[in-house]
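Residue numbers run from 1 in the order of the sequence given.
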Amino acid sequence: MSDSKLVDVHIPCPNCSSSDAYCTYEDGHGYCFSCQHYSPPKGSYKSMDTGSTYEYLPWRGITPGSFKVFDAKFKIDSTGKPISVGFRYPNGAYKVRLRDEKEFYSQGDIAKAGLFGRDKFEAGTHKYVTITEGELDAISLYQVLRTPVVSVQSASSSARDCTVDRAWLNSFDRIYIAFDNDHAGREALARVAKLFDYLKVFVVKFYKYKDANEYLMNDEEEELRNIWWNSRKYLPENIVSSLTDFSSILGAPSVKGIPYPFPTITEMTYGIRKSESVLITAQEGVGKTELLHAIEHKLLKETDDAIGAIFLEEPKRRHLQALAGIELERPVHLPDCDCSESQTLLALKEVVRKDDRLYLYSHFGSDDPESLIDTIRFLVSSCSCGYVLLDHITMAVSGLAGDDERKALDYLSTRLEMMVKELDFSLIIVSHVNDIGQTRGSRYISKIADIRIDATRDVTNPDPVARNTTYLTVSKNRFSGSTGPAGRLVFDPTTYTFREELDYGKDQAPTPLWLSANDNSRSEGMASKVA
């Protein structure tokens, strides 16, 4: 490192996600103390190009042939001395390492370059792919395994780099993560593993040395090969037993739930919390999608989190119009509404506030639950969505029927609930119910939910007020145990919004058939007997 004086300290790094680890110096060079990225003084490396040549050389146990596979050439100065090695990324950017000092600098748009070596292997052409924490480690492991190996740019940028090439990585049956055996490597492992189904993630644990290249430097290729073949499936570290762990868990600050747009539901459930799933049920035509729009609008207004919205039967245009309509209190999607496109867009901007805040996904049906599971994992892990709304779950397997549909929904429900706990986000699901209140297609949908909210409405009542009144009932509440009638919502078609009527009086919600037994707590048993 240069002895020149510091100019700027604790500024964002141009190479990684650190917001304060980069410094610049009086002679013009810069250095990141997080990812070790080195930016040379302007023009200093240009002057070295005169009389320079580029060759594949042996170094640190790696053969010239292995460097050639990855197109990693050494720069030789006019005296014949190797001074650096350049690692070319798929987008043409270069990360350059000085040969005599562990310092780096980059050329081109390295921040969006993705994974080193990705362009050397076609997607899905092998069962396995391995991700390392450094370019030299990737070339080292490839030399030993002769299977696809790629590298992130640094531990701090690992999740970003893997997100860029996530679809390519996901095309392999197994994903091996071979990060350095240090604190930064272990933290990076946890971040990257969350991007993928943990059933396909394997961990390469180094014991004797810190990384793959050190094994080659010590002539232990066979040991490195055995370590890779003995890799185990990744499991989140979710077992704790010490009093210190218990103290840390209890000492974590309590997070207040985000309120629903409806006071009674909020009072009974204490709001919407992450790591919980909420199931909203009703028969067809009751207005579940409108309820979900109201909740989505509330989350966008009350939080700064990104929101994932998966509305499988609703076009994106109609979805955005719904959010703008709630903000404007006008049905902007109707042709006779005198609301201009610019007004609608301005209202939508007031709700969403910034780019990369609301992620819309429309698919209009599928028969592959894995596709939906992977989409939600991507929204949470790669897009940082704290809340995901799914309307409706049975549409995700609409191509199946009978026992196949039930099995697919059982599997989908279970995996989604596991993922809610693993990734710590809130999942709000809509499901149709049949005439006796069972979730359509699979009863597991109701069993796995933390909170269940049932909606009923007399859609054919000649009285327009009664016809537009929705009654809510909390029939399951793992958090507080409070169940029962949960409010009466009157929908105003002129403003396209709900308001809650708090004076229940004699106008109570009609008792659904599946709650008609005297002992409401045994409703699921009654439902099965009726069936």
Side-chain angles (χ1 to χ4, degrees), residues 35-36 56-74 82 85 87 95 97-102 104 115-118 120-121 125-158 161-162 165 169 172-193 195-196 198-237:
C35 69
Q36 289 83 52
Y56 301 114
L57 300 176
W59 191 43
R60 296 174 64 97
I62 303 174
T63 66
S66 296
F67 277 116
K68 186 175 182 180
V69 170
F70 288 84
D71 194 23
K73 294 180 179 179
F74 288 81
V85 57
F87 303 105
K95 182 177 174 183
R97 172 178 171 149
L98 303 187
R99 192 182 183 281
D100 295 335
E101 300 176 64
K102 193 176 180 181
F104 301 87
L115 298 169
F116 170 73
R118 189 262 301 157
K120 307 306 178 187
F121 310 99
T125 52
H126 198 280
K127 285 187 176 182
Y128 314 135
V129 63
T130 305
I131 312 170
T132 69
E133 195 183 316
E135 296 84 359
L136 287 174
D137 296 320
I139 302 173
S140 298
L141 262 176
Y142 172 79
Q143 181 170 301
V144 172
L145 302 173
R146 297 294 168 175
T147 61
V149 186
V150 293
S151 172
V152 299
Q153 296 169 38
S154 66
S156 59
S157 69
S158 57
D161 301 335
C162 289
D165 288 317
L169 288 168
F172 296 86
D173 294 342
R174 290 185 181 182
I175 300 170
Y176 288 77
I177 302 178
F179 288 171
D180 291 359
N181 182 21
D182 57 19
H183 179 70
R186 289 188 289 273
E187 286 193 337
L189 164 64
R191 290 193 298 269
V192 171
L195 297 173
F196 308 99
Y198 69 88
L199 293 176
K200 69 190 300 183
V201 176
F202 286 69
V203 180
V204 182
K205 288 190 175 181
F206 301 120
Y207 300 99
K208 199 170 186 179
Y209 304 110
K210 184 171 72 75
D211 55 39
N213 182 244
E214 286 194 15
Y215 282 85
L216 262 63
M217 292 177 66
N218 289 279
D219 297 319
E220 296 194 25
E221 288 197 12
E222 190 61 31
E223 177 71 10
L224 179 58
R225 183 180 295 107
N226 290 335
I227 288 173
W228 187 91
W229 279 110
N230 286 295
S231 300
R232 300 296 180 90
K233 282 186 177 180
Y234 171 79
L235 288 176
E237 295 182 2

Can you tell me how far the [atom1] atom of [X] sits from the [atom2] atom of [Y], to the nearest 0.5 Å?
X	Y	atom1	atom2	result
Glu221	Arg225	CD	CZ	6.5 Å
Glu187	Ser156	CD	OG	11.0 Å
Leu115	Phe121	CG	CZ	11.5 Å
Phe196	Ile175	CZ	CD1	4.0 Å
Lys210	Glu133	NZ	CD	6.5 Å

Residues that Asp173 engages under salt bridge (charged side-chain N to carboxylate O under 4.0 Å, His left out), provided they are two or more places apart: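 For Asp173 there are no salt bridge (charged side-chain N to carboxylate O under 4.0 Å, His left out) partners, ignoring immediate neighbours.
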
Any side-chain heavy atom of [X] within less than 4.5 Å of one from [Y]?
X	Y	answer
Val144	Trp228	no
Val203	Lys233	no
Leu224	Phe206	yes

Identify the two heavy atoms, one from [X] and one from [Y], that lie closest to each other, and give their separation to 0.1 Å.
X	Y	result
Asp161	Ser154	OD2-N, 4.2 Å
Thr147	Tyr142	O-CD1, 3.4 Å
Ala212	Asp137	N-OD1, 3.5 Å
Ala190	Tyr234	CA-OH, 4.0 Å
Glu135	Ser151	N-OG, 3.3 Å
Val152	Cys162	CG1-SG, 3.8 Å

Side-chain donor-acceptor pairs under 3.5 Å in residues 62-73, sequence neighbours left out?
residue	atom	partner	partner atom	Å
Thr63	OG1	Ser66	N	3.2
Thr63	OG1	Ser66	OG	3.1
Thr63	OG1	Gln143	OE1	3.4
Ser66	OG	Gln143	OE1	2.8
Asp71	OD1	Tyr56	OH	2.9
Asp71	OD2	Arg88	NE	3.2

side-chain contact (heavy atoms from CB on, under 4.5 Å) assessment of Met217 paired with Tyr209: CA-CA 10 Å; Met217 292 177 66; Tyr209 304 110; over 6 Å; no

Set of residues satisfying side-chain contact (heavy atoms from CB on, under 4.5 Å) with respect to Arg174, sequence neighbours excluded: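 Here the qualifying residues are Tyr128, Tyr176, Phe202.
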
Val150/Asp165 under side-chain contact (heavy atoms from CB on, under 4.5 Å): CA gap, chis, key distance, verdict: CA-CA 11 Å; Val150 293; Asp165 288 317; over 6 Å; no

Side-chain (Arg118) to main-chain (Leu169) donor-acceptor, under 3.5 angstrom: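 Absent.
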
Positive for side chain to side chain donor-acceptor pair (under 3.5 Å) with Lys208, one of Glu220, Glu214, Glu223: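 Of Glu220, Glu214, Glu223, side chain to side chain donor-acceptor pair (under 3.5 Å) with Lys208 is met by Glu220 alone.
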
Residue pair Asp211, Thr132: steps toward the side-chain contact (heavy atoms from CB on, under 4.5 Å) verdict: CA-CA 9 Å; Asp211 55 39; Thr132 69; over 6 Å; no

Working for side-chain contact (heavy atoms from CB on, under 4.5 Å), residues Lys205 and Asn181: CA-CA 7 Å; Lys205 288 190 175 181; Asn181 182 21; over 6 Å; no

